[in-house]
Amino acid sequence: MGYVAIRVNQEAIENAEALFYHLRTKGNSSAPTLDQVAQYFHLLVDRIMSEGSLYAPKLAALALLQSAGDTLESAFLLRAYRSTLSRLDYSLPVDTRNMQVIRRISAAFKDLPGGQLLGPSLDYSLRLLNFELLEEDTWRRYARSLIEGLERIVPIPENLPKLIDILRKEGLVVENVADRSFVDITREPLSLPAKRSAVLQSLSRGETGGLLLLAYSNMRGYGDIHPTVGELRVGYLKLEIPHPKGGTICVGEVKVTEAEVIARFTSERGEPRFSIGYGLCFGHNETKAICMAVLDNAIHFGTGKNPSEDQEFVLMHVDGVDSMGFANHYKLPHYVTFQSDLDRLRSMRSKDGKV
Amino acid sequence: MERYNFGFLDEEAKREIRRKILKAVAIPGYQVPFASREVPLLKGWGTGGLQITLSLIGKEDILKAIDQGCDYSLNAMNIKRFVRAVTGVETTTDTRRATLIQTRHRIPEEELREDQILIFQVPYPEPLRWVKASERETRRMHAEADYGLMWLSLYEDMVRYKEVTIGARYPVLVNRRYIMDPSPIPRWDVPKLHMSKHLNLFGAGREKKIYAVPPHTSVEPLEFEDYPFRVEDFSGKACALCGSSESFLDEIVEDGGRRTYVCSDTDYCTRRRQSGATVKS
């Protein structure tokens with residue numbers, strides 16, 4: 001008989017893993033340090049922290065090194081680590097008006113109170129490969145020259161007024177703020193229809209590409225949001241928890257990107273107004289924050305007819321850890337289920353007289 | 001792995017999962033939502049089953065893990081490796097010795113006992129997903145026992161193919177109340193759920209659901225009087241290793257296209273051979 005039962009031992013799993021790690025050591029260059037990864041690939045690290053929903057730059061850098069730069073795997077490593085940690089407390093709600101911004105722009109008005117602050121951005125750079133950056137010294141000199149050439153540095157105010165507040169005062173906007181109850185999606189199952197806090201949490205740790213795809217479909221035509229970026233902010237937020245003996249205590253700060261988009265008109269509550277969408281995610285990730293804001297708006301104010309306007313559709317498919325795992329599980333053996341299908345197919349064909 | 005808690009998950013998570021299991025046992029076939037955690041296994045690779053295992057396992061337990069009936073498949077080996085590392089418990093391939101059995105796509109051939117728990121890995125907990133994509137809708141349908149669409153889809157199969165086209169994952173009615181997805185077990189295994197002596201727990205990590213078939217609970221496959229439910233047909237075939245003609249068989253394609261059949265349940269097959277069973281020729 002030709003058949004030999006395929007039995008895989010422990011060694012095979014370990015060897016496969018070792019072989020994967022062997023690939024990285026084939027070349028001559030030594031491994032970058034976690035600091036180097038966190039510093040040079042800060043946007044990548046930010047993205048991993050956001051999708052992994054754990055604010056830990058060094059761990060995100062480690063995850064990236066471990067998974068050879070696979071963003072889905074890296075976010076997953078952070079999530080799995082997160083499962084081992086107890087939830088000790090919840091930080092107090094943060095007012096993002098007090099964000100220490102490093103960048104703040106608005107597309108809605110030419111200028112706004114506090115001014116447009118471009119901050120660190122590649123938005124207007126020409127997408128030309130800059131071969132000079134291959135020289136580390138050139139890079140440093142270039143960056144330094146930007147700062148050293150300045151005659152004076154005007155500090156950014158600690159709290160900048162929000163553009164949305166101005167529109168609010170005029171009664172021009174309608175917001176989805178009726179439901180202020182708080183659920184923790186990492187501790188409670190998502191129930192549908194999901195509360196706003198659950199929607200925002202799910203989107204905030206969604207996969208960047210997934211959010212982009214859905215939001216883009218809406219902006220392009222399967223939906224009708226033409227988002228005006230009311231305000232986009234990147235900066236640092238101080239997080240505080242209540243102190244057991246009264247008062248509050250700051251437990252650290254996180255870098256976040258916040259987007260408030262002004263979308264379609266609605267006359268949901270009487271007079272026509274602008275509807276607002278909100279996005280906020282860990283780290284510097286403007287694409288994600290904008291798309292999140294678009295989807296937040298689409299889910300609540302949309303017709304429900306397009307995928308991006310269907311709350312269940314969006315929330316159930318936007319998580320990278322879920323979708324990546326499931327897509328890959330099809331690599332596992334399925335020969336028992338296939339046998340079962342084969343049995344059905346043969347039976348159907350014989351009934352048709354085709355065998 | 002010393003830095004991780006016994007059973008990897010934090011105690012709060014384990015407690016939540018155990019509570020959800022109790023609810024699932026109290027309402028046979030009902031899908032209980034739970035706050036599924038990430039475990040160091042990809043979603044879709046048994047994370048729901050694994051969370052149940054990790055929440056229930058104690059130091060005295062003996063764990064068996066199978067995938068497609070096989071104790072030695074990569075995924076089953078990997079699950080055992082992980083559970084051993086975070087609990088230190090013994091693992092076994094012997095169905096009779098195990099107190100907890102985590103499985104993907106099979107129920108062991110040997111009848112399980114009252115003191116054993118079978119934990120299924122579930123990719124799609126929702127049996128109605130075939131006929132209705134929306135979770136909100138399917139939850140409503142279950143609540144109202146509104147199963148007309150499901151029956152209609154089976155009927156349409158009859159009309160079109162003269163047979164229900166569902167291979168594995170055959171929908172069942174549990175305790176005469178809830179339609180349940182038995183996980184992608186072959187139809188061969190479905191009758192084993194009916195009035196079983198052991199507790200069956202089903203965990204869907206990605207879809208965040210836990211459900212159960214408690215011992216001595218009725219589990220009936222959906223069928224029509226004139227089109228009775230039927231299991232896979234292995235008539236005239238027997239295992240090429242142990243000669244069994246009473247077990248679910250894997251069809252093996254050999255060089256040249258010739259087919260042989262061997263038991264899918266590797267432990268059952270091995271034990272038969274050890275006790276002297278041979279292939280009749």
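Computed over heavy atoms, backbone and side chain alike; hydrogens, waters and symmetry mates excluded. Every chain is numbered from 1 and lettered A, B, ... according to where its sequence line falls, protein lines coming before strand lines.
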Peer 1: Flag the pair A:Arg344 / B:Arg230 as yes when at least one side-chain heavy-atom distance between them is below 4.5 Å, and no otherwise.
Peer 2: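 In short, these two side chains touch, coming nearer than 4.5 Å.
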
Peer 1: Does either side chain, that of A:His329 or that of B:Arg104, offer a donor lying less than 3.5 Å from an acceptor on the other one?
Peer 2: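 Per modelled atom types, A:His329 and B:Arg104 side chains form no pair under 3.5 Å.
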
Peer 1: When you compare the side chain of B:Phe234 with that of A:Gln339, does any pair of heavy atoms fall below 4.5 Å?
Peer 2: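 Counting from C-beta outward, A:Gln339 and B:Phe234 do come under 4.5 Å.
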
Peer 1: Do you know the tightest heavy-atom contact between A:Phe326 and B:Gly44?
Peer 2: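 Here A:Phe326 and B:Gly44 meet closest at CD1-CA, 4.1 Å.
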
Peer 1: Mind checking whether B:Glu135 and A:Met316 have side chains closer than 4.5 Å, heavy atoms only?
Peer 2: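 Yes, close enough: below the 4.5 Å cut-off.
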
Peer 1: Examine whether an atom of B:Leu41 lies under 4.5 Å from a heavy atom of chain A, and if so say whether it belongs to the side chain, the backbone or both; otherwise answer neither.
Peer 2: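 For B:Leu41, the backbone is the part near chain A, not the side chain.
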
Peer 1: So which residue, B:Ala13, B:Gly46, B:Ser36, B:Ser134, ends up with the most heavy-atom pairs under 4.5 Å with chain A?
Peer 2: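 Ranked by contacts with chain A, first place is B:Ser134.
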
Peer 1: Counting heavy-atom pairs closer than 4.5 Å to chain B, which one of A:Asp310, A:Leu332, A:Leu85 comes out on top?
Peer 2: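 Most pairs with chain B among the choices: A:Leu332.
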
Peer 1: Please flag which part of B:Arg259 lies under 4.5 Å from any non-hydrogen atom of chain A: side chain, backbone, both or neither.
Peer 2: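 Contact with chain A: side chain only.
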
Peer 1: Out of B:Leu9, B:Asn78, B:Leu249, B:Val164, return the one with the most heavy atom pairs under 4.5 angstrom to chain A.
Peer 2: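 The residue among B:Leu9, B:Asn78, B:Leu249, B:Val164 with the greatest pair count is B:Val164.
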
Peer 1: Measuring from atom OG of A:Ser83 to atom CD of B:Glu38, what distance do you get when rounded to the nearest 0.5 angstrom?
Peer 2: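 Spacing of OG (A:Ser83) from CD (B:Glu38) equals 5.0 Å.
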
Peer 1: Check whether A:Tyr330 gets within reach of chain B through its side chain, its backbone, both or neither, counting any heavy atom under 4.5 Å.
Peer 2: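 Only the side chain of A:Tyr330 comes within 4.5 Å of chain B.
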
Peer 1: Is the distance between the ring centroids of A:Tyr81 and B:Tyr4 less than 6.0 Å?
Peer 2: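 That pair fails the under 6.0 Å test.
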
Peer 1: If the contact rule is any heavy atom under 4.5 Å from chain B, which residues of residues 47-74 of chain A qualify, in numerical order?
Peer 2: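 So the qualifying residues are A:Glu73.
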
Peer 1: Check whether any side-chain heavy atom of B:Asp233 lies under 4.5 Å from a side-chain heavy atom of A:Asp343, and answer yes or no.
Peer 2: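 Counting from C-beta outward, B:Asp233 and A:Asp343 do come under 4.5 Å.
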
Peer 1: At a heavy-atom distance under 4.5 Å, which candidate from A:Ile185, A:Val336, A:Thr186 has the highest pair count against chain B?
Peer 2: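 Greatest number of close heavy-atom pairs with chain B: A:Val336.
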
Peer 1: Would you say A:Tyr222 has more than 12 foreign heavy atoms packed within less than 6.0 Å of its OH?
Peer 2: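 Open: at most 12 neighbouring heavy atoms sit under 6.0 Å from OH of A:Tyr222.
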
Peer 1: Just give me the residue among A:Thr337, A:Leu192, A:Asp322 that pairs up with chain B most often, heavy atom to heavy atom, under 4.5 Å.
Peer 2: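 Looking at each of A:Thr337, A:Leu192, A:Asp322 in turn, A:Asp322 comes out on top.
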
Peer 1: Given a strict heavy-atom distance threshold of 4.5 Å, which part of B:Lys20 is in contact with chain A: side chain, backbone, both, or neither?
Peer 2: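 The side chain, not the backbone.
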
Peer 1: So which part of B:Ala76 gets closer than 4.5 Å to some heavy atom of chain A, the side chain, the backbone, both or neither?
Peer 2: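 Contact with chain A involves no heavy atom of B:Ala76 at all.
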
Peer 1: Go through B:Glu12, B:Glu232, B:Arg187, B:Lys208 and name the one with the most non-hydrogen pairs under 4.5 angstrom from chain A.
Peer 2: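 Looking at each of B:Glu12, B:Glu232, B:Arg187, B:Lys208 in turn, B:Arg187 comes out on top.
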
Peer 1: Answer with side chain, backbone, both or neither: which region of A:Glu312 has an atom nearer than 4.5 Å to a non-hydrogen atom of chain B?
Peer 2: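 For A:Glu312, side-chain heavy atoms alone lie under 4.5 Å from chain B.
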
Peer 1: With a 6.0 Å cut-off (strictly less than), is the heavy-atom count around CZ of B:Arg129, excluding the residue itself, greater than 12?
Peer 2: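 Check passes, neighbour count above 12.
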
Peer 1: Spell out the residues in residues 199-209 of chain A that have some non-hydrogen atom less than 4.5 Å away from a non-hydrogen atom of chain B, in order of number; otherwise answer 'none'.
Peer 2: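 Expected list: A:Arg205.
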
Peer 1: Would you check if B:Arg206 and A:Ser323 make a side-chain contact, meaning some heavy-atom pair closer than 4.5 Å?
Peer 2: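 No, every pair of side-chain atoms sits at 4.5 Å or beyond.
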
Peer 1: Any side-chain heavy-atom pair from B:Trp45 and A:Asn328 closer than 4.5 angstrom?
Peer 2: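 Yes, at least one pair of side-chain atoms sits under 4.5 Å.
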
Peer 1: Between A:Ile13 and B:Leu74, does the side chain to side chain contact (heavy atoms under 4.5 Å, CB included) criterion hold? Intermediate values first, please.
Peer 2: CA-CA 7 Å; A:Ile13 305 177; B:Leu74 279 174; 3.3 Å; yes

Peer 1: Just so I understand: if I count every heavy-atom pair under 4.5 Å between each of B:Val253, B:Thr47, B:Asn75 and chain A, which residue has the most?
Peer 2: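 With the most close heavy-atom pairs to chain A, the winner is B:Asn75.
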
Peer 1: For the residue pair A:Met324 and B:Leu42, what are the closest heavy atoms and their distance?
Peer 2: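 Taking A:Met324 first and B:Leu42 second, the nearest heavy atoms are SD-CD2, 3.4 Å.
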
Peer 1: Side chain, backbone, both or neither: which part of B:Asp255 has a non-hydrogen atom closer than 4.5 Å to chain A?
Peer 2: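 For B:Asp255, no heavy atom lies under 4.5 Å from chain A.
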
Peer 1: Any non-hydrogen side-chain atom of A:Ser340 less than 4.5 Å from a side-chain atom of B:Arg169?
Peer 2: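 A side-chain contact under 4.5 Å is absent here.
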
Peer 1: Just give me the residue among B:Ile166, B:Asp71, B:Val231 that pairs up with chain A most often, heavy atom to heavy atom, under 4.5 Å.
Peer 2: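 Highest number of heavy-atom pairs under 4.5 Å: B:Ile166.
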
Peer 1: Nearest 0.5 Å please: distance from the NZ atom of B:Lys43 over to the CZ atom of A:Arg79.
Peer 2: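 So the gap between those two atoms works out to 6.5 Å.
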
Peer 1: Taking every heavy-atom pair that is under 4.5 Å apart, which of B:Arg81, B:His105, B:Arg106, B:Arg139 has the most such pairs with chain A?
Peer 2: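 Ranked by heavy-atom pairs under 4.5 Å with chain A, first place is B:Arg81.
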
Peer 1: Side chain, backbone, both or neither: which part of A:Tyr335 has a non-hydrogen atom closer than 4.5 Å to chain B?
Peer 2: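 Its backbone and side chain both get close to chain B.
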
Peer 1: Looking at B:Glu16 and A:Arg87, does any basic side-chain N land under 4.0 Å from a carboxylate oxygen?
Peer 2: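 The answer is no: the pair does not qualify as a salt bridge.
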
Peer 1: Could you please spell out the steps behind the side chain to side chain contact (heavy atoms under 4.5 Å, CB included) verdict for B:Arg160 and A:Met348?
Peer 2: CA-CA 10 Å; B:Arg160 216 171 292 164; A:Met348 281 183 261; over 6 Å; no

